[in-house]
Amino acid sequence: MLMRICSACGRQVRVGEPCPCLKERQKSYDRDNRNKKAASLYHSRPWQLLQLAVKSRAQYIDEYVMYYEKRMTAGRIAHHIIPIDERPDLALNPQNLIYVSDKTHKMIHDAYRKGGKEKAAMQAKLARIRIKKADE
């Protein structure tokens with residue numbers, strides 16, 4: 001059996017399985033950092049069902065990497081193209097969601113943090129993926 005080292009806690013875990021510390025990290029993040037309104041959304045039944053639909057639509061593959069780099073990488077996160085704090089009405093809109101890996105998610109949020117042209121350019125790139133997928 002292949003093992004990997006968790007980047008957060010340093011434990012050895014089987015490849016393809018999440019580290020047990022992940023659940024605790026998520027709880028801690030929800031408690032200390034996440035916006036309380038957003039936390040209630042992410043724990044709701046409609047969100048859970050929508051997230052499953054987004055994963056299935058993407059076939060569990062990082063859509064950004066597949067579209068722009070033409071290679072397959074496993075995704076893990078349903079990301080809001082337009083953040084829910086900017087447009088709460090789009091929180092449960094599947095066309096505002098893209099399925100990405102942790103690495104891609106960090107890259108997207110780095111562009112969002114820069115703001116201005118970088119954020120707009122990244123959102124346009126993500127929207128192109130959604131438009132392309134809708135045409136298929």
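None of these values were measured; they are calculated from a predicted model. Sequence positions, counted from 1, serve as the residue numbers for this chain.
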Counterpart residues, side chain to side chain donor-acceptor pair (under 3.5 Å), relative to K114 (two or more places apart): none
Using side chain to side chain donor-acceptor pair (under 3.5 Å) as the criterion, list what pairs up with Q48, not counting sequence neighbours. none
Looking at Y112, does the NZ or CZ of K119 lie under 6.0 angstrom from its six-membered ring centre and within 45 degrees of the ring axis? yes
Residues forming a ring-ring contact (aromatic ring centres under 6.0 Å, His included) with Y64, sequence neighbours excluded: Y68
Name all residues meeting the ring-ring contact (aromatic ring centres under 6.0 Å, His included) criterion together with H105; count only those two or more places apart in sequence or in a different chain, and write none if there are none. H79, H109
Residue pair [X] / [Y]: nearest heavy atoms and the distance that separates them:
X	Y	result
R25	C6	NH1-SG, 4.5 Å
G10	I5	O-CG2, 3.5 Å
R57	P94	NH1-O, 3.0 Å
R4	E17	NH2-O, 3.0 Å
N96	I82	OD1-N, 2.8 Å
A78	Q51	CB-CG, 4.1 Å

Are [X] and [Y] side-chain neighbours, meaning at least one heavy-atom pair lies under 4.5 Å?
X	Y	answer
V13	P20	yes
H80	L90	no
I84	L41	yes

[atom1] of [X] to [atom2] of [Y]: how many Å apart, nearest 0.5 Å?
X	Y	atom1	atom2	answer
I131	L126	CD1	CG	11.0 Å
E69	D62	CD	CG	8.0 Å
W47	S40	CH2	OG	12.5 Å
N93	L50	CG	CG	8.5 Å
I108	I81	CD1	CD1	8.5 Å
I61	E63	CD1	CD	9.0 Å

Name all residues meeting the side chain to side chain contact (heavy atoms under 4.5 Å, CB included) criterion together with K103; count only those two or more places apart in sequence or in a different chain, and write none if there are none. S101
Sorted by first residue and then second, give each ring-ring contact (aromatic ring centres under 6.0 Å, His included) pair with at least one member in residues 8-28; sequence neighbours left out. none
Side chain to side chain contact (heavy atoms under 4.5 Å, CB included) between V65 and T104, worked out: CA-CA 8 Å; V65 171; T104 301; 3.5 Å; yes
Other residues, nucleotides and ligands only: do more than 12 of their heavy atoms fall within 6.0 Å of [atom1] on [X]?
X	atom1	answer
R14	CZ	no
M72	CE	no
K70	NZ	yes

Cluster check M122, I98: I/L/V/M/F/W/Y, side chain < 4.5 angstrom: yes
Hydrophobic cluster membership, with links at side-chain heavy-atom distances under 4.5 Å among I/L/V/M/F/W/Y: are Y67 and M107 in one? yes
Could K106 and D102 be called an ion pair, given the rule that one side-chain N must be under 4.0 Å from one carboxylate O? no
